[in-house]
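Structure first, then comments.
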Amino acid sequence: MKKSYKVIVIITLVALVSGAYLGYRMWNKPHADATEMPGIKVSAQELVTAFETNEDSANTKYLSQVVEVTGTIANINVQDTLVYVNLTYPEAMMGGVQVTVDDRFEEQAKQLKEGSDITIKGFCNGYLMDVILKDGVLVEGESKE
């Protein structure tokens, strides 16, 4: 009986140490950077249409992937420490692409002007009323002068 108690204690300790190590590794995992990753190139209209037509298929193709989107800036919103760039296209009734800009590109994003064309890439988080991209980085675009 005493021997089985020691085995249980040793197994429990090994499990706790392994869990702590894995937790530490996950917590300190390097952040993925969209600037260094190739993106799936698509227009804002194609991306929104893909989600509106067949959300399951679009999720399979785009979800958690780096997507490089080209569109027209509908507006730029600054809320607290976040900058959102909303892309649209001429035929848009509702919805578009909402990009949360990466911290390193906030000042550059604030200089963009509404109505200009831009290419921006980020990680696709799915579709609500807009297609949501996070950690957006500016690829090309026109800024205020």
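- Residues T88 and A74 approach most closely at CG2-CB, 3.7 Å, considering heavy atoms.
- L87 is not listed as a side-chain neighbour of L47, based on a closest heavy-atom distance of 4.5 Å or more.
- In terms of hydrophobic clustering, with Ile, Leu, Val, Met, Phe, Trp and Tyr side chains grouped at heavy-atom distances under 4.5 Å, I120 and L82 are assigned to different clusters.
- Residues T119 and T70 bring a donor and an acceptor atom of their side chains to less than 3.5 Å of each other.
- Residue I11 holds its CD1 atom at 10.5 Å from OG of S4, rounded to the nearest 0.5 Å.
- The same ILVMFWY cluster, assembled from side-chain heavy atoms under 4.5 Å apart, contains both V131 and I76.
- In this structure, V67 is a member of the same hydrophobic cluster as Y89, with clusters built from ILVMFWY side-chain heavy atoms closer than 4.5 Å.
- For V17, the side-chain contact (heavy atoms from CB on, under 4.5 Å) criterion is met by no residue, not counting sequence neighbours.
- The heavy-atom pair separating V85 from A109 by the smallest distance is CG2-CB, 4.3 Å.
- Counting all heavy atoms, side chain and backbone alike, V83 lies closest to E106 at CG2-CG, 3.8 Å.
- Here the OG1 atom belonging to T72 is positioned 11.5 Å from the CD atom belonging to E114, to the nearest 0.5 angstrom.
- Of all the heavy atoms in F51 and C124, the pair that sits closest is CZ-SG, 3.9 Å.
- By the rule that hydrophobic residues join a cluster once side-chain heavy atoms approach within less than 4.5 Å of another member, L13 and Y21 end up as members of separate clusters.
- Under the 4.5 Å side-chain heavy-atom criterion for grouping Ile, Leu, Val, Met, Phe, Trp and Tyr, L63 is not connected to I40 through any hydrophobic cluster.
- In this structure, E46 CD and K41 NZ are separated by 13.0 Å, a value rounded to the nearest 0.5 Å.
- In this structure, CE on M129 lies 9.5 Å from CD on E52, to the nearest 0.5 angstrom.
- Residues V97 and D130 are not in side-chain contact: their nearest non-hydrogen atoms beyond the backbone lie 4.5 Å or more apart.
- Across all their heavy atoms, L133 and G122 have their closest contact at CD2-O, 4.2 Å.
- Closest approach of Y84 and Q79 over heavy atoms only: CE1-OE1, 3.6 Å.
- Remark: the backbone N or O of F105 is not paired with any side-chain donor or acceptor of Q108 at under 3.5 angstrom.
- The shortest distance between side-chain heavy atoms of F123 and V66 falls below 4.5 Å.
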Full working for side-chain contact (heavy atoms from CB on, under 4.5 Å) between L138 and L112:
CA-CA 10 Å; L138 303 175; L112 297 170; 3.9 Å; yes
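- Here side-chain hydrogen bond (donor to acceptor under 3.5 Å, both in side chains) pairs that include residues 57-69, with residues two or more places apart or in two chains, number zero.
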